[in-house]
Undergrad: 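Dumping the structure here so I can ask a few things about it.
Counting starts at 1 for both ligands and their atoms, in listed order.
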Amino acid sequence: MTRLSTHDAIIIGAGPAGTTVALTLARRGWAVAIVEKSVFPRRKVCGEFLSASNLALLDQLEIADAWRANAGPEIRRVGLFSGETCVEAPMPRSKDGPPAKDGRREKKDGFGRALGRDIFDCLLLQAARSAGVEIFQPCRAVAIDQDGEAQWVRIQAGNETMMLRAPVIVAAHGSWEPGPLPSQLGKTNRPSDLFGFKAHFTGSSLAPDLMPLLVFPGGYGGMVSADHGRLSISCCIRRDMLARLRKHPRQQSHLSAAEAVSRHLMESCWGVRDALESADADGPWLAAGPIRPGIRSCYERDIFRVGNAAGESHPVIAEGISMALQSGWLLACELACAPGGCAGREIAGRRYEAAWKSLFSTRVYAAAALAGIALSPGSATWMAAIVRNFPQALTLGAQLSGKTKPVPGFV
Ligand SMILES: Cc1cc2nc3c(=O)[nH]c(=O)nc-3n(C[C@H](O)[C@H](O)[C@H](O)COP(=O)(O)OP(=O)(O)OC[C@H]3O[C@@H](n4cnc5c(N)ncnc54)[C@H](O)[C@@H]3O)c2cc1C
């Protein structure tokens, strides 16, 4: 027999975007359900760096103290590792925090830090649970059916099926996996597709306050010191380059994708080789993708989208978690003050889409331009030459990517 459950909102996906919407709506008295297919804690392909501009929002979500207690060191320098080039420049400082209770502006949190997604996503989901959100996990959303005012999400756990009903449906399932939901993207298969890879290491010699951008033939990436002495290294690499690297020149067999990527990084970025020389892998390499950078609709067919499902910047600027948290917050604020019914959802959808574009469009286009340069043949050489002569370009790039842009409502 199929079980039924009724809510004010159903959120599909418990990444930072989904949990932010769920938590914010639940604190405003909504009956919210989250559906998450994976068991937590889970590792995730992600560089795990979070800009300091989000701290006021994390304070509002009441998880900032836990984030501060767990995250890695402050990242005060940005760098470029490409070939034998290792250049660095100051990271721009985020604007001061919101006024403290006595009216003074706090000077804390000027710089971003990195926290493993196995920890960060659990903090957010635990906060949502404490706020009364009903969590269906591990459960996969497999269909959304619409019938006038009622919308149904069919969820599956093993052989068991359940129907959840609510007027508001939020797609927060990310963008890297195709699937049957109307909000999920179709498959792609182009030589230029980018696959994401990520690994953790311990015992690295990377300076703890430095986050270098890695530029290498066929891809780009980054390294950062995260929580508990872990180094997080992540990158994107073109499908055609990956296929070429996996063909071992002297052996009949193919290399694994992880082995091919890790060798390529070490051989084409000397800074990576040096940083990992005496480091130990902490868990296997993870892969995901292809990634789907671009701007999508924020509200379509009566389904709201947040995080990567709404739009995604190339990870070259490490702003995806910021966009996930902030878009979740923007949507929850619009939903909470919109009138009820279909007309109210239309209004919330229009206002949310406008707010999304004004906050994120420049970041998405800037990231696409930077990624385009990093991925063009021969770019590594001339990018390294420019940055060696003008290291300030790195500081400017970090500023343009939105790292210091305050979240509306928290200025
Ligand atoms: C190589 C790389 C490095 C990156 N580095 C950084 C960085 O340093 N800093 C940064 O800010 N961003 C970074 N990003 C981007 C960042 O990881 C994403 O933008 C962010 O995770 C998006 O959050 P989200 O909540 O939208 O989706 P996700 O984090 O992808 O969460 C979606 C959730 O939905 C669940 N789900 C999916 N389908 C279903 C379903 N049908 N039913 C139920 N649950 C479902 C998934 O299991 C998942 O838990 C990086 C990305 C890549 C590829």
Side-chain angles (χ1 to χ4, degrees), residues 10-22 33-51 53-54 75 112-118 120-122 124-125 135-144 153-157 164 170-181 183-184 194-199 211 213-214 219-224 226 232-237 261 285-293 305-328 360 363-364 367 401-403:
I10 299 161
I11 320 293
I12 303 169
T19 42
T20 301
V21 190
I34 283 194
V35 186
E36 168 56 53
K37 69 179 171 63
S38 310
V39 176
F40 280 16
R42 55 104 176 81
R43 294 169 69 230
K44 190 164 175 69
V45 172
C46 182
E48 307 178 322
F49 173 81
L50 184 68
S51 303
S53 54
N54 294 284
I75 303 303
R113 297 159 65 185
L115 176 61
R117 294 288 299 271
D118 45 350
F120 185 51
D121 291 20
C122 283
L124 278 161
L125 191 59
I135 296 165
F136 295 86
Q137 183 183 33
C139 279
R140 184 184 287 271
V142 292
I144 301 174
V153 178
R154 194 179 331 140
I155 66 174
Q156 275 177 351
L164 307 183
V170 180
H173 45 55
S175 56
W176 304 335
E177 265 181 68
L181 304 178
S183 47
Q184 283 176 313
L194 289 174
F195 287 100
F197 287 86
K198 173 266 191 51
M211 181 165 68
L213 169 66
L214 316 175
Y220 59 77
M223 286 202 291
V224 67
S232 178
I233 177 163
S234 60
C235 66
C236 290
I237 186 156
V261 167
W285 279 85
L286 305 178
I291 63 162
R292 307 296 293 273
R305 297 181 192 181
V306 287
N308 274 19
E312 179 176 0
S313 60
H314 271 270
V316 70
I317 61 167
E319 278 294 294
I321 308 173
S322 303
M323 289 171 58
L325 294 167
Q326 294 174 26
S327 62
F360 302 127
R363 222 173 296 195
V364 175
S401 72
K403 296 231 162 325

Undergrad: Taking only non-hydrogen atoms of Glu319, do any sit less than 4.0 angstrom from ligand 1?
TA: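 So Glu319 counts as touching ligand 1.
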Undergrad: Does any N or O atom in Phe49 lie less than 3.5 angstrom from one in ligand 1, N or O only?
TA: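 Indeed, backbone or side chain, Phe49 has an N or O that close.
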Undergrad: Checking a contact table here: which protein heavy atom is nearest atom 41 (N) of ligand 1, and how many Å away?
TA: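 So the nearest neighbour among protein heavy atoms is Ala141 O, 3.1 Å.
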Undergrad: Using a 4.0 Å heavy-atom cut-off, say whether Ile12 meets ligand 1 through its side chain, its backbone, both or neither.
TA: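 Ile12 to ligand 1: side-chain contact only, backbone stays beyond 4.0 Å.
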Undergrad: Taking all atoms of both residues into account, what is the closest heavy-atom pair of Gly328 and Val21, and its distance?
TA: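 Closest pair (atom of Gly328, atom of Val21, distance): CA-CG2, 3.6 Å.
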Undergrad: Please determine if Lys44 and Asp118 form a salt bridge, counting it only when a charged side-chain N lies under 4.0 Å from a carboxylate O.
TA: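 No, no charged N to carboxylate O under 4.0 Å.
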Undergrad: For atom 48 (C) of ligand 1, what is the closest protein heavy atom, and at what distance to 0.1 Å?
TA: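 Answer, as residue, atom name and distance: Glu36 OE1, 3.5 Å.
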Undergrad: Among all protein heavy atoms in this structure, tell me which lies nearest to atom 27 (O) of ligand 1, with the distance rounded to 0.1 Å.
TA: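 Nearest neighbour among protein heavy atoms for atom 27 (O) of ligand 1, to 0.1 Å: Gly174 CA, 3.8 Å.
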Undergrad: Cys235 near ligand 1, heavy-atom distance under 4.0 Å?
TA: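 Yes.
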Undergrad: Can you give me the closest heavy-atom contact between Ala14 and Ile34, atom names plus distance?
TA: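 Taking Ala14 first and Ile34 second, the nearest heavy atoms are CB-CG2, 3.8 Å.
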Undergrad: Please confirm whether the backbone N or O of Glu48 pairs with a side-chain atom of Ser232, one donor and one acceptor, at under 3.5 Å?
TA: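 Answer holds: no.
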Undergrad: Under 4.0 Å between a side-chain nitrogen and a carboxylate oxygen: does that hold for Arg140 and Glu36?
TA: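 Not counted as a salt bridge, because no side-chain N and carboxylate O are separated by less than 4.0 Å.
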Undergrad: Checking a contact table here: which protein heavy atom is nearest atom 34 (O) of ligand 1, and how many Å away?
TA: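 The answer is Gly13 CA, 3.2 Å.
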Undergrad: Can you name the atoms of ligand 1, numbered from 1 with element, that are less than 4.0 Å from a heavy atom of Arg140?
TA: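 Near Arg140, the atoms of ligand 1 are 41 (N), 42 (N).
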Undergrad: So between Glu48, His173, Glu312, whose heavy atom ends up nearest atom 37 (C) of ligand 1?
TA: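 Of the listed residues, His173 has the closest heavy atom.
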Undergrad: Does an N or O anywhere in Gly47 fall below 3.5 Å from an N or O of ligand 1?
TA: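 In this structure, Gly47 places an N or O atom under 3.5 Å from an N or O of ligand 1.
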Undergrad: With heavy atoms only and a cut-off of under 4.0 Å, state how Arg117 meets ligand 1: side chain, backbone, both or neither.
TA: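 Arg117 to ligand 1: side-chain contact only, backbone stays beyond 4.0 Å.
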Undergrad: Looking at atom 28 (P) of ligand 1, what's its closest protein heavy atom, distance included?
TA: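 The answer is Lys44 CE, 3.5 Å.
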Undergrad: What heavy-atom pair brings Val39 and Pro138 nearest, and what distance separates the two atoms?
TA: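 Distance-wise, the nearest heavy atoms are CG2-CG, 3.8 Å.
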Undergrad: Between Ile237 and Leu194, is any pair of side-chain heavy atoms under 4.5 Å apart?
TA: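 The answer is no; the side chains never approach within 4.5 Å.
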Undergrad: Short list, please: which atoms of ligand 1 are under 4.0 Å from a heavy atom of Arg42?
TA: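 In order of numbering, the contacting atoms are 48 (C), 49 (O).
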Undergrad: Side chain or backbone of Ala172 under 4.0 Å from ligand 1, or both, or neither, by non-hydrogen atoms?
TA: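 Backbone only.
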Undergrad: What protein heavy atom sits nearest atom 31 (O) of ligand 1, and how far away is it?
TA: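 Looking only at protein heavy atoms, the one closest to atom 31 (O) of ligand 1 is Gly15 CA, 3.5 Å.
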Undergrad: May I ask whether Leu50 places a heavy atom under 4.0 Å from ligand 1?
TA: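 So Leu50 does not count as touching ligand 1.
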Undergrad: Could you check whether any side-chain heavy atom of Arg117 comes within less than 4.5 Å of a side-chain heavy atom of Val45, counting everything from C-beta outward?
TA: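 No. Closest side-chain heavy atoms not under 4.5 Å.
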Undergrad: Just heavy atoms, cut-off under 4.0 Å: does Cys139 contact ligand 1 by side chain, backbone, both, or neither?
TA: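 Near ligand 1, Cys139 shows its backbone, while the atoms from C-beta on stay back.
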Undergrad: Could you tell me, atom by atom, which parts of ligand 1 come under 4.0 Å of a heavy atom of Gly320?
TA: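 The atoms of ligand 1 under 4.0 Å from a heavy atom of Gly320 are 10 (C), 11 (O), 12 (N), 15 (C), 19 (O).
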Undergrad: Taking only heavy atoms of Gly307, which atoms of ligand 1 are found under 4.0 Å from at least one of them?
TA: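 So the answer, numbered in order with elements, is 26 (O).
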Undergrad: Output yes when a side-chain donor or acceptor of Gln326 lies under 3.5 Å from a complementary backbone atom of Met323, and no otherwise.
TA: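 Checked: no pair found.
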Undergrad: Under 3.5 Å between some N or O of ligand 1 and some N or O of Asn308?
TA: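 Indeed, backbone or side chain, Asn308 has an N or O that close.
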Undergrad: Number the atoms of ligand 1 from 1 as they appear, then name those within less than 4.0 Å of a heavy atom of Ser234, with their elements.
TA: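 Near Ser234, meaning under 4.0 Å from one of its heavy atoms, ligand 1 has 1 (C), 3 (C).
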Undergrad: Can you check whether Leu181 has an N/O within less than 3.5 Å of an N/O in ligand 1?
TA: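 No, there is no polar N/O contact under 3.5 Å.
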Undergrad: Indicate yes or no for a side-chain donor-acceptor contact from Lys198 to the backbone of Cys46 under 3.5 Å, with no hydrogens or angles considered.
TA: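 Here the side-chain-to-backbone pair exists.
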Undergrad: Mind checking what makes salt bridge (Lys or Arg N to Asp or Glu O under 4.0 Å) contact with Arg292, not counting sequence neighbours?
TA: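 In terms of salt bridge (Lys or Arg N to Asp or Glu O under 4.0 Å), with neighbours along the sequence ignored, Arg292 is linked to no residue.
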Undergrad: Counting non-hydrogen protein atoms only, what is the nearest one to atom 25 (O) of ligand 1? Give residue, atom name and distance.
TA: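 Protein heavy atom with the smallest distance to atom 25 (O) of ligand 1: Ala17 N, 3.0 Å.
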Undergrad: Which residue supplies the protein heavy atom nearest to atom 17 (O) of ligand 1, what is that atom called, and how far is it?
TA: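 Ranking protein heavy atoms by distance from atom 17 (O) of ligand 1, first comes Cys46 SG, 3.2 Å.
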Undergrad: Out of curiosity, Ile75 CD1 to Arg113 CZ, how far, rounded to the nearest 0.5 Å?
TA: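 Taking CD1 in Ile75 and CZ in Arg113, the distance rounds to 9.5 Å.
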Undergrad: Using the test ring-ring contact (aromatic ring centres under 6.0 Å, His included), find all partners of Phe49 that sit at least two apart in sequence or belong to another chain.
TA: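 ring-ring contact (aromatic ring centres under 6.0 Å, His included) list for Phe49, sorted by chain: empty.
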Undergrad: Can you measure from OG1 (Thr19) to CG (Leu325) and round to the nearest 0.5 angstrom?
TA: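 Separation between the atoms: 7.5 Å.
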Undergrad: Can you find a non-hydrogen atom of Met323 under 4.0 Å from ligand 1?
TA: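 Flag not set, Met323 not near ligand 1.
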Undergrad: Run the numbers on Ile11 and Val35 for side-chain contact (heavy atoms from CB on, under 4.5 Å), then give the verdict.
TA: CA-CA 6 Å; Ile11 320 293; Val35 186; over 6 Å; no
Undergrad: By number and element, which atoms of ligand 1 are closer than 4.0 Å to a non-hydrogen atom of Ser38?
TA: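 The atoms of ligand 1 under 4.0 Å from a heavy atom of Ser38 are 47 (O).
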Undergrad: Could you tell me whether Arg363 and Glu319 have a side-chain N and a carboxylate O separated by less than 4.0 Å?
TA: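 Yes, charged N to carboxylate O under 4.0 Å.
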